[in-house]
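Count residues from 1 along the sequence. Not measured: the values here are computed from a predicted model. Start at 1 and go down the list; that is how both ligands and their atoms are numbered.
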Amino acid sequence: MPSLNREIVNFGGNVRFRPTHYYEPRTEAEVLDILRTHAHGQIRVAAALHSWSNLLVSDDAVVCLRHFRDITTRVDAAGDTWVTIGAGCRVKHALKALRPLGLTLPAIGLITEQFVAGAIATGTHGSGNHGLGHYVQEVRIAAYDGQTGEPGIFTISSGDELRAARCHLGCLGIILSVTLKARPEYHVGERNARYKQLDDVVARESQQPLQHFFLVPHQWEFVAQHRCIVPPVTGPLYRFDRWAYFAGWFVTMDVGLHLTFKLLAGVIRRPSVTRQFFRRVMPYLLIEEKTFVGRSDRVLTWEHELFRHMEIEMFVPRQHLAAAVDHIRAVLTVCDGSEELDPLARERLQRAGLLEPLLAVRGAFTHHYPICVRRVFCDDTLMSMSSGDGHDWYSFSFITLAQPRDGFRKMADYLARSMTQLFGARPHWGKYCPLDGETLRTLYPRWTEFDAVCRRYDPRGVFQNDFTRAALGRQ
Ligand SMILES: Cc1cc2nc3c(=O)[nH]c(=O)nc-3n(C[C@H](O)[C@H](O)[C@H](O)COP(=O)(O)OP(=O)(O)OC[C@H]3O[C@@H](n4cnc5c(N)ncnc54)[C@H](O)[C@@H]3O)c2cc1C
């Protein structure tokens with residue numbers, strides 16, 4: 001039975017709506033009944049609601065698959081273990097189930113709260129790896145037959161259909177389960193270091209392939225978390241050392257630093273204090289020159305979900321990394337109210353018609369969060385942000401803990417528009433996305449193939465909403 005008039009609110013609190021019908025089916029037969037009932041309406045799936053974009057919205061039916069969380073494994077002739085995960089299983093529960101088998105997932109993001117089908121919907125990724133969806137080899141979906149329009153259950157396991165399902169945007173149908181090859185558990189060594197030059201950080205990638213780094217606003221230097229696969233370290237003394245590091249990280253970074261950001265952005269609200277904090281305190285908080293080793297999912301994740309925030313993340317092709325850093329510095333400095341703008345940057349923006357719009361947001365927002373930069377390998381997908389022709393992408397995350405968010409939105413809107421125009425940058429599908437459909441389509445050369453797959457499983461467009469319709473040029 002559907003619940004009526006239930007309000008859906010996402011993690012960031014920026015997306016709120018009341019669908020007419022809300023379902024939590026327990027069986028595939030119930031899912032097919034929902035498809036029958038809404039065959040001429042609209043259906044979207046709500047997973048862990050950790051997205052900030054309008055992908056989530058449906059006026060008609062919303063379906064939550066939280067009861068679909070079975071996990072099964074099989075070992076193939078080559079000795080590889082394949083895991084089939086129910087769409088409503090959280091990433092953290094899949095990791096927990098694989099642990100006793102000495103296995104883990106091939107990729108994870110900074111948190112593991114997402115449902116597996118929700119994570120792959122938007123191209124969820126970490127650093128020094130592909131997105132999780134890239135590794136998916138089979139997907140079971142409840143959708144509509146392209147010929148008859150009748151609801152049914154289909155298996156997708158090859159070609160452009162699989163490439164579409166690997167970053168599906170909720171447009172193919174209701175994903176019921178996802179199958180991928182598990183990888184043997186591994187340990188990661190992490191070491192923090194500060195750098196003045198971008199080139200010095202990037203030069204470490206070959207030895208530290210899982211690293212990510214932060215551009216420190218207002219100071220404009222870099223803090224890197226070097227990360228690489230290492231053998232596990234055991235022994236009671238080391239175990240204590242590691243425990244102390246993770247506990248220390250939780251208290252100082254996951255909680256303490258975030259409380260400080262909230263204080264700076266929400267209570268003190270003085271740009272000069274924020275600037276001084278980032279110039280004199282923030283870069284020196286990390287323990288440097290000591291390597292800590294831990295299980296991959298412990299080292300690669302944070303308790304980033306403790307504080308509700310808003311985020312935009314922009315992906316630029318590798319060749320534009322250095323120019324993007326310079327551009328971000330210029331934009332954030334002007335948004336912070338500065339009159340100074342490097343003459344070369346001014347000229348470049350003037351030529352691109354981006355100078356006037358930047359001056360219009362001068363003083364709109366003082367950024368108060370380190371900008372996380374991650375390297376994402378090219379995905380074999382049609383629509384994920386790092387899909388493409390083989391080169392790596394670098395993602396830049398901009399986060400705010402401030403309320404209200406109008407100033408942040410102005411800065412984010414300008415960043416999205418200018419980075420797209422200058423560098424072909426793509427916004428994360430799951431994060432704040434201010435670009436219009438026409439612009440989004442210019443960023444994804446294979447969107448027509450994606451749309452064709454969607455039409456094959458959904459001839460009447462039941463799984464589309466305003467956001468996806470605009471992105472696929474269906475308005
Ligand atoms: C604190 C925090 C940290 C984050 N860290 C990262 C990170 O490190 N890397 C990264 O890339 N992203 C990150 N994200 C973004 C997040 O991973 C994505 O937005 C992800 O899509 C959220 O998954 P979800 O389960 O909450 O899905 P939802 O947000 O609930 O849904 C996302 C989309 O998937 C569709 N969908 C979900 N399940 C199904 C299904 N079964 N069938 C059909 N459609 C479905 C929904 O309709 C919707 O369109 C983070 C988000 C937060 C809040």
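Look at R191 and E288 and you find no salt bridge, because none of the NZ, NE, NH1 or NH2 atoms lies under 4.0 Å from a carboxylate O. The pair D413-R417 does not count as a salt bridge, with every side-chain nitrogen at least 4.0 angstrom from each carboxylate oxygen. Salt bridge annotation for K92-D297: absent, with no cationic side-chain nitrogen under 4.0 angstrom from a carboxylate oxygen. Salt bridge status for R163 with D380: present, with a side-chain N to carboxylate O gap under 4.0 Å. In this structure, R18 does not pair ionically with D59, as no charged nitrogen and carboxylate oxygen lie closer than 4.0 Å.
Considering backbone and side-chain N/O of G170, none are found under 3.5 Å from N/O of ligand 1. Checking only distances, A48 does come within under 3.5 Å of ligand 1, N or O to N or O. Every N/O-N/O distance between A46 and ligand 1 stays at or above 3.5 Å. Inclusion of Q114 in the set of residues having an N or O under 3.5 Å from an N or O of ligand 1 is warranted. Looking at ligand 1, you won't find any N or O of W52 less than 3.5 Å from one of its N or O atoms. Between F11 and ligand 1, not a single N/O pair is under 3.5 Å apart. Of the polar atoms of I111, none of the N or O atoms is found under 3.5 Å from an N or O of ligand 1, judged by distance alone. Residue H309 places no N or O, backbone or side chain, under 3.5 Å from any N or O of ligand 1. Checked by distance only, ligand 1 and G118 come closer than 3.5 Å through their nitrogen or oxygen atoms. Backbone and side-chain nitrogen or oxygen atoms of L49 are examined, and one is located within less than 3.5 angstrom of a nitrogen or oxygen of ligand 1.
Between W393 and F423, the distance separating the two ring centers is not shorter than 6.0 angstrom.
Checking A121, S127, C171, A87 against atom 35 (C) of ligand 1, the nearest heavy atom belongs to A121. Closest to atom 16 (C) of ligand 1 by heavy atom, among V376, L132, T124, V45, is T124. The nearest non-hydrogen atom to atom 12 (N) of ligand 1, considering only H50, M385, H428, comes from H428.
Looking at R374 against ligand 1, only its side chain comes within 4.0 Å, counting heavy atoms. The part of A119 lying near ligand 1 is the backbone, judged by heavy-atom distances below 4.0 Å.
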